[in-house]
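I have placed the structure first, in the form of structure tokens, so that the comments after it can refer back to it.
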Amino acid sequence: MNVSTSSRRRFLTLGLSAGAAFAGGLAGCGDSDEKPSTGESKANEDAVGRLPQGIDLEKWNRIKGTPYRLGSFGTMPGVCQLPGPQAKRNWPDRNKYRDVEKIPGMCQLCSTICGIIGYVKDGRLIKVEGNPKDPNSRGHLCARGQAALNHLYHPERLLYPLKRVGARGEGKWKRISWDDALDEIAEKLKAVRDGGHPEEFAFHQGRQRSKDALKRFLNAYGTGTQLSHRSLCSGNRRAANLTYLWESDWDLNDVEHSRYILNFGSNAFEAHQGHVPFANRIQNGRFRNGAKLVTFDVRLSNTAGGSDEWFAPFPGTDGAIALAMGHAILAENRHDEAFLETWTNVSVEELRGLYKSYTPEWAERVSGVPAADIRRIALEFAEAAPAATTMCNRGSSAHMNGFYNDRAINLLNALVGSVGQKGGWCWSPWGGLDPIVKTPPMPPGAPKKSVLEDPPEYPLANVWRRMRVGEIVYLYLLQGRAKLQAYMTYNLDSPLTWPEESLTQQVLGDEKLIGYHVCINAFYNETAHYADIVLPWTTYLERWDLDARASYNLRPYVGLRTPMVESLGESKDVREFFPELARRIGDGMEKWYPENDVREYMEKWASTVPENPETGKQGLDRLLDEGAWEADREPFYQPFLQPVSETDMRGAEVGEDGVILKDGTGIGIMLDGKPVRGFRTPSRKFEIRSAFIQKIGRNEDCSELIARSGMTKTKSRPREHQGHDVDISDMPTWFLPREMENLRDNELVMTSFKWNVHNHGRTMNLKWLAEIVHSNPAWLNPVTAGELGLSDGDWIELTSYYSTELEHQSPHLKRDDLDEVDGRRKVSSMRVPIVTMQGIHPRAIAMSNSCGHSQYTSVAQARRQPAEGGHLVGSDTGRFVDADWERNMWWEDTSGGDHGAWKPNTGNGWNQNRLMPIAPDPISGQQSFHDTVVSVRKL
Amino acid sequence: MVDHSETNDRRGFLKEVTAAVAAGGTAAASSRAEAEPPPVRSDKFQPESFWADRMEPPDDGKKLGWFIDTRRCFGCHGCEVSCKSENDVPLGNFIRQTFYQDEGEYPTVARMFMPMACQHCEDAPCIKACPCGALHKEGGGTVAIDYNVCCGHGTCVDVCPYGAIYMDPVAKQAVKCHNCYHRTELGMEPACVPTCPSEAIYFGDLNDPESEINQAMNEVREADVELTQLRPEKQTRPRMWFAGPAVEVIEERIPREGESYSPDAYSIFNWKGDSEVSS
């Protein structure tokens, strides 16, 4: 580019500023910038006839910013060193994707587990994308997955084992070697085992995708105290599905082929365990198939906001609305008579009796949704059937009446005959990996159980599958109902994600309640803060797994996680150090680890993956090449019509009820004289009436019923639950928790939600996600705000209360530790700002549940500079320097706690679980996250 | 198909909202047009001889364009974060940004999403205004910046009608969407395209009748849905088309001449509608 000398001289003489180079909206740059001066440039233009041009190196050298300070690792994601006129480099780099390795993997930044491809160059991961060969997610990847680089290359990642040197919870640490760490842990665990109470060693997982590795270690050790977070998530949803189907706890709504999608409380566009695969198919169903999406949600989620119709029911009334819809469908005879009479265990007459009192007018009274709409939507749904399906999730099920809500909702599919139909309400017997892959032999399960893993009060928690009741663990320890000598946490963030933050912290910090705590995590989070040893775990980009989720293709598949880069620092996966720990504990544990290394184990596990005729690759090699393999099976439509083979029929007996039994186990049912599979329930039918759950609730023996179903995992254990009878209705029903009956003027129901850029407790440390959402003011309807004398942005004090319903139904929880205030038991108070939103029910108040970290790196705490404390002892902040974070982070809260000075959208929010009471549904143990009565006080 | 005539149907409600916005907008635009200088900041343009060559893309027979189906978008920010990751975009700055807007009054409320980036205008004002000649066109019409030349005048930011350019806080050079030409040259798609879980973003060669973008746009036309463009009164002939009501409803909030995408767009106090609070 040639510039005439005379024009440059003119340019320098006039000293033209850079115009609007530093436009409004760029905050936090920190450099002194020249201000725009449009008037001046216009004057110059008039003076010289045209603007100056050419490279003005002198000016650029004046205005360019101070170069980024880098650690020894070099540039981190987000640190872009654009060339500058003197550097003569290219950007974007045309060579970026040349000579790059593409390595398959599976995301783990939420529970959906989308297949991914990592682009690796010179041993560094430079980009992550969706894997088009993943049959479920089909190449798509959400914002969380795209923030993978923040997760892998983080300046405060935990890279070295730590041992506590101060008091627990003080945050004082020293680095130790893996060798010393494993020696100490082995010694402690061996002592617990030798003492005869191996169940006093509890393993507590957050999000885990290495089930085989955990089971192997814990079963070999002999502890059955394998705790999880399932009841905080999907306990009721699963229990409702299992009640109808037995075979599966997971409905897979065939939305891509639907004409009508009826959504109760699910936010699939932002969350839901099926998130990306599910949301993608919902949109395809709508825009290619003409499906209508109707959402019932207390709050306008993005799903609700993008639906074709949205209704806001009073919290917890989804089931009432669903029952009323059933009533309307039967009243107009729009039900599928044939399906109901043939394939359910009730008659249409019985159903009319059930639904009789659940009129749309009744539902309008309890929910606030107009009866005319309830009726209309119900009939639209019925008209579209069989290509019609409901969908629901925590919005409908994380309530004290959540089990019944979901039963009522799912029943609609049976009413209209869309069960198992294309475009309808489906499921699959494969909850994950295709059964063709088998792990090397596993040790048998541990016989000794703990009340922490198997609380006797919750009849449906562990009957079909082990869902457990995670949220009572710390309470039971505090009440002395169990003892823990050793506690190992794995990717868990309970102080943030468990209800009653202060109780969790109290128990975790008490060495008399938890003798020894080993925390396995990739970052120093709230749980690590209360540990005695912290082990640096690899990220999902640095380890091996075979993994899969329930697929919306209604076929199983196998996906692969493999190390994309060398593990950073000294981070290790459990697959690497559990064998070593087992060897050090000894006494037979070591014999379950015959392989030389992890790869050898993976090769054995994947060996049955068939050959791809085009590439000739098979087993692990094929998975390394393609990332996923999907079986060539028919989708699992109408499985109940599959014929039973002649071979299977040999030696079988047909009962009077048509049920086919072989050696006392059900294998099918007669249909028009032919043997078919039926449902895998005791009656071989879709069990609308469930005698089973009623008996289980009364602790009656059900072994014969279970045998007839053929579902061997289901267990009848009346002795375990002796003395704890729970009245479970055999038919779908609905009730309103009593505290909802008379809400005072300043009382609301607090609900919780997830944002599309976050999972519950593990993504707030990822800067590209935290940038988009880092704060969680409470959503309040503007009319309600007005009634309470509040304006948009005002601060309030929220006080939460324990459930009166639970006081009656679950006296064993004995919460007299909570003070009585005005006829309610107070849990906690917290001060938060409000945001007035049209999109929320007037009697509800909503806060998202991912904010308010007290640990988990400077990013999650919204601090430019790390807080004081020893938590960085295990990191390598000299090597991994995120200059982008240090220079460009813009949302730090500088108000110092002064509400009046708080700038909206700054800071890191407030932990809703400070307010959230421990509230297990008495039937399944599901944590009721959406039922909390709170009072509001203007500050 | 279901009859929506007497319902709480938000499809119908949104039609009303957008008609109202359009009616109001047209009136405002025409009165603005009379009172103000031409739609683009031509007062900042260089002489045509300076930029004519750079306005002409190399002839590879391709006509690259974008189609954003805002009806499908549900604001997951996957495209934005993929772009940030691909291009190491600094915090506080955005090559791509999706705007949210809530419309309506309880209980009839909808939320709309508007994914935004450079419009790759055929008659690009940024190319015309760039004083040092860094802005130019790559094959297919991609408007791009030569980083061996750009020295941070920022006049491009002054004249972009869509606020699509930011100045890098350290390098002090202009940055905007470059159609990921470093990827497309190798047969990959731009980073934002394949990641979209909702399949709302399409990019490709409009000269190729079989291209996915043409197929998607034809499907939309066949469904009797209008294809629109943003701020057509600017007459820059953008290469981005949209479907869905979000365009009209959210247009007002999209940055303009002299502005860049800012973190303020993510503040719930700004997109919820009817805010008394600014942030």
Side-chain angles (χ1 to χ4, degrees), chain A residues 1 18-21 23 25 28-29 50-51 53-55 60 63-65 78 80 82-85 88 91-92 94 96-97 139-143 146-147 149 269 276 279-280 283 290 292 300 302 305-306 308-309 312 380 756-757 768 771-772 792-793 835 837-839 884 888-890 904-905, chain B residues 1-2 8-11 47 72 74-78 81-82 84-86 88 90-92 102 105-107 109-111 131-133 147-149 151-155 157-158 167-173 178 182 186 194-195 197-198 258-260 262-263 266-269 272 275-277 279:
Chain A
M1 178 64 50
C29 290
R50 68 171 207 197
L51 288 167
Q53 53 191 273
I55 304 171
W60 181 78
I63 65 167
K64 73 178 176 8
C80 181
L82 289 174
K88 303 288 186 285
W91 194 86
R94 289 181 135 105
K96 178 175 181 181
Y97 287 99
H140 307 298
L141 194 64
C142 75
Q146 286 290 354
L149 296 182
F269 287 178
V276 166
N280 174 257
Q283 295 297 62
K292 178 171 177 177
L300 193 83
N302 285 0
D308 298 303
E309 291 198 54
E380 286 178 6
N756 49 19
V757 292
W768 291 330
E771 174 168 53
I772 298 172
D792 192 23
V835 56
M837 299 290 287
Q838 294 292 345
D884 173 46
N888 303 319
M889 182 276 188
W890 52 264
N905 205 28
Chain B
M1 284 293 279
V2 182
N8 180 26
D9 177 22
R10 269 168 325 114
R11 282 187 191 141
R72 275 191 172 244
F74 43 66
C76 76
H77 302 293
V81 179
S82 180
K84 276 239 164 178
S85 174
E86 179 66 43
D88 288 313
L91 295 173
D102 278 5
E105 216 179 280
Y106 182 84
V109 195
R111 181 166 299 145
C132 62
Y147 287 100
N148 299 318
V149 176
C151 52
H153 293 88
T155 323
V157 178
D158 286 350
M167 300 306 288
D168 185 277
V170 173
K172 295 291 194 268
Q173 291 177 296
H178 42 54
H182 65 299
L186 299 175
T195 207
S198 198
E259 299 171 339
S260 307
S262 119
Y266 294 132
S267 171
I268 193 171
F269 292 98
K272 70 190 189 75
S275 185
E276 297 155 29
V277 171
S279 67

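So you know, we letter chains A, B, ... as the sequences are listed, proteins then strands, and number each from 1.
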Ignoring hydrogens and geometry, is there a side-chain-to-backbone donor-acceptor pair from [X] to [Y] under 3.5 Å?
| X | Y | answer |
| --- | --- | --- |
| A:W60 | B:A171 | yes |
| B:E105 | A:Q838 | no |
| A:K96 | B:E86 | yes |

*How far does CG of A:L82 sit from CG of B:D88, to the nearest 0.5 angstrom?*
9.5 Å
_Could you measure the distance from the CZ atom of B:R72 to the CG atom of A:N280? Nearest 0.5 Å is fine._
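If I round to the nearest 0.5 Å, the distance is 7.5 Å.
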For the residue pair [X] and [Y], what are the closest heavy atoms and their distance?
| X | Y | result |
| --- | --- | --- |
| A:G65 | B:K172 | N-CG, 3.8 Å |
| A:R94 | B:H182 | CA-CB, 3.9 Å |
| B:P263 | A:N905 | O-ND2, 4.4 Å |
| B:C151 | A:P85 | CB-CG, 3.6 Å |
| B:L91 | A:D884 | N-OD1, 3.1 Å |

_Can you tell me which of A:G793, A:G78, A:P83 forms the most heavy-atom pairs within a distance under 4.5 Å of chain B?_
A:G78
*With a 4.5 angstrom heavy-atom cut-off, which part of A:V835 approaches chain B: side chain, backbone, both or neither?*
both
*Does the ring center of A:W768 lie less than 6.0 Å from the ring center of B:H77?*
no
_As a quick check of understanding, evaluate side-chain contact (heavy atoms from CB on, under 4.5 Å) for A:V757 and B:V81, giving each step before the final call._
CA-CA 10 Å; A:V757 292; B:V81 179; 5.6 Å; no
*Mind checking side chain to side chain contact (heavy atoms under 4.5 Å, CB included) for B:T195 and listing every partner two or more places apart, or none if nothing turns up?*
A:L141, A:Q146, B:S82
*With sequence neighbours left out, write down each residue that passes side chain to side chain contact (heavy atoms under 4.5 Å, CB included) with A:N302, or none if nothing qualifies.*
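Counting only residues at least two positions away or on another chain, A:N302 forms a side chain to side chain contact (heavy atoms under 4.5 Å, CB included) with A:E270, A:N756, B:Y100, B:R111, B:F113.
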*Do A:Q283 and B:F74 have side chains that get closer than 4.5 Å, going by heavy atoms?*
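In short, these two side chains touch, coming nearer than 4.5 Å.
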